[in-house]
Amino acid sequence: MAAQDPTELVSGLPKLRHPDGSAVRALVVDDEPQLSDLVRMGLRMAGWDVHVAHDGPSAVKVARDVRPDVLVLDVMMPGFDGVEALLKIRAFSPNVPALFLTAKDAVADRITGLAAGGDDYVTKPFSMEELMLRLHRLVQRSGVAAAASAELVVGDLVLNLDTREVTRAGTDIQLTATEFDLLHYLMDNARTVVSKSQILDHVWNYDFGGQNNIVELYISYLRKKLDAGRSPMIHTVRGVGYVLKPAV
């Protein structure tokens, strides 16, 4: 499968969220780390909370721990195959939709996967764009998530994804592109502590070679613009990371 820029894969797709605003949870299971990392990157760029496993037993364990909203399962993998993994996961999450990854010429695998309760499949090598479109369709059809609003609201802080405008208590706040992306991520994860490494992954992407101090620097920029003269919304959790929450 040819590598694709994940930022190109999410354009035009509605961002999906749970009714409480939390991210869609996906579990990607494949014994090829390069492939699973690419899928994880693309889905995380779409705002999903993505977990990865590389064999059948670990897939079941992760699924039990995180209760994903959708599964991406390779048919052939170590431990036991994707079909058996799905059957075991459906024992405690009976309604979770599943998409199988199958070899291009393995018609029997596709039939077996669908017969075992799989909801869809794509064949390797596959287009990431097609995979993401199919996963969006499965999640929307399951009813666990819907297209998110263009606005994120936390307390008196409002961020508009369409216009890229930010206001606090009705006052416009001018942000650079990177400051906006950082605030977007913090608001997407409002009331949840996020680590510096998570922020680096989501805001500066996986290939960024900088250190954690770049996060500290941009957090300080945001604080000066958001919190100056107001009750603070961005808080440091020492040894862990940062959390954005409504002002007290």
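D30 and K124 are joined by a salt bridge, as a carboxylate oxygen and a charged side-chain nitrogen come within less than 4.0 angstrom of each other. Ion pairing between a basic and an acidic side chain is recognised when a charged N comes within 4.0 Å of a carboxylate O; R230 and D227 show no such pairing. Between K225 and D172 there is no salt bridge, since none of the side-chain N atoms of the basic residue sits less than 4.0 Å from a carboxylate O of the acidic one.
With hydrogens and angles disregarded, a donor-acceptor distance shorter than 3.5 Å links the side chain of E179 to the backbone of T176. Between the N213 side chain and the E216 main chain, no donor and acceptor come within less than 3.5 Å of each other. With hydrogens and angles ignored, the 3.5 Å screen pairs a side-chain donor or acceptor of S127 with a backbone N or O of E129. In this structure a side-chain-to-backbone donor-acceptor pair under 3.5 Å is missing from R64 to F92.
Judged by distance alone, the side chains of S142 and R137 never bring a donor and an acceptor atom under 3.5 Å apart. If you check the side chains of T178 and D181, you find no donor sitting under 3.5 Å from an acceptor. Side-chain atoms of R44 and H202 form a donor-acceptor pair, as typed in the model, at a separation below 3.5 Å.
Linking Ile, Leu, Val, Met, Phe, Trp and Tyr whenever their side-chain heavy atoms come within less than 4.5 Å puts L244 and Y185 in one cluster. A single hydrophobic cluster is seen to contain both I214 and L186, as judged by linkage of ILVMFWY side chains at heavy-atom distances under 4.5 Å, directly or through other members. When hydrophobic clusters are built by joining Ile, Leu, Val, Met, Phe, Trp and Tyr residues whose side-chain heavy atoms come closer than 4.5 Å, directly or via intermediates, V240 is not grouped with L222. At a threshold of 4.5 Å between side-chain heavy atoms, the hydrophobic network of Ile, Leu, Val, Met, Phe, Trp and Tyr places L226 and V243 in two separate groups. A single hydrophobic cluster is seen to contain both L161 and L182, as judged by linkage of ILVMFWY side chains at heavy-atom distances under 4.5 Å, directly or through other members.
Pairing each heavy atom of D156 with each of R168, the nearest pair is OD1-NE, 3.0 Å. Looking at every heavy atom in both residues, D69 comes nearest to P97 through O-CD, 3.1 Å. Residue K245 comes nearest to V154 through the heavy atom pair C-CG1, 4.1 Å, listed as atom of the first residue, atom of the second, then distance. For the pair M132 and A46, the tightest heavy-atom approach, listed with the atom from each and the gap, is CE-CB, 3.9 Å. Among all heavy-atom pairs drawn from A26 and P68, the shortest one is C-CB, 4.2 Å. The nearest pair of heavy atoms linking G155 to V153 is O-CG1, 3.7 Å.
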- Message: One pair to check against side chain to side chain contact (heavy atoms under 4.5 Å, CB included): V158 and L152. What are the steps and the verdict?
- Response: CA-CA 6 Å; V158 179; L152 296 177; over 6 Å; no
- V139 and V144: CA distance, side-chain angles, deciding distance, side chain to side chain contact (heavy atoms under 4.5 Å, CB included) verdict: CA-CA 7 Å; V139 172; V144 301; 4.0 Å; yes
- Message: For D55 and V29: C-alpha separation, side-chain torsions, deciding distance, then whether side chain to side chain contact (heavy atoms under 4.5 Å, CB included) applies.
- Response: CA-CA 7 Å; D55 57 54; V29 189; over 6 Å; no
- Task: Before giving the answer on side chain to side chain contact (heavy atoms under 4.5 Å, CB included), spell out for F80 and V60 the whole-Å C-alpha distance, their side-chain angles and the decisive distance to 0.1 Å.
- Result: CA-CA 10 Å; F80 45 77; V60 175; 3.8 Å; yes
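In this structure, the separation between CG on D120 and CZ on R134 is 4.5 Å, given to the nearest 0.5 Å. With values rounded to the nearest 0.5 angstrom, L86 atom CG is found 8.0 Å from D119 atom CG. Atom OH of Y242 is separated from atom CD1 of I219 by 5.5 Å, given to the nearest 0.5 angstrom. For the atom pair CG (L183) and CZ (F180), the distance works out to 7.5 Å, reported to the nearest 0.5 Å. Here the CE atom belonging to M77 is positioned 9.0 Å from the CD atom belonging to E84, to the nearest 0.5 angstrom. Here the CZ-CH2 distance, from R25 to W48, works out to 12.0 Å after rounding to the nearest 0.5 Å.
V96 has its side chain within reach of I89: a pair of non-hydrogen atoms, C-beta onward, lies under 4.5 Å apart. Proximity of Y121 to L99: side-chain heavy atoms (C-beta onward) are nowhere separated by under 4.5 Å. In this structure the side chain of S36 reaches within 4.5 angstrom of the side chain of H54, judged on heavy atoms. H51 is not listed as a side-chain neighbour of V28, based on a closest heavy-atom distance of 4.5 Å or more. By the 4.5 Å heavy-atom criterion applied to side chains, T163 and N160 are counted as neighbours. Side chains of L101 and V122 form a contact here, defined as non-hydrogen atoms less than 4.5 Å apart. Contact of the I199 side chain with the K196 side chain is not registered, since no non-hydrogen atoms from C-beta on lie closer than 4.5 Å. Within the 4.5 Å cutoff, the side chain of D37 has no heavy atoms near those of the M41 side chain.
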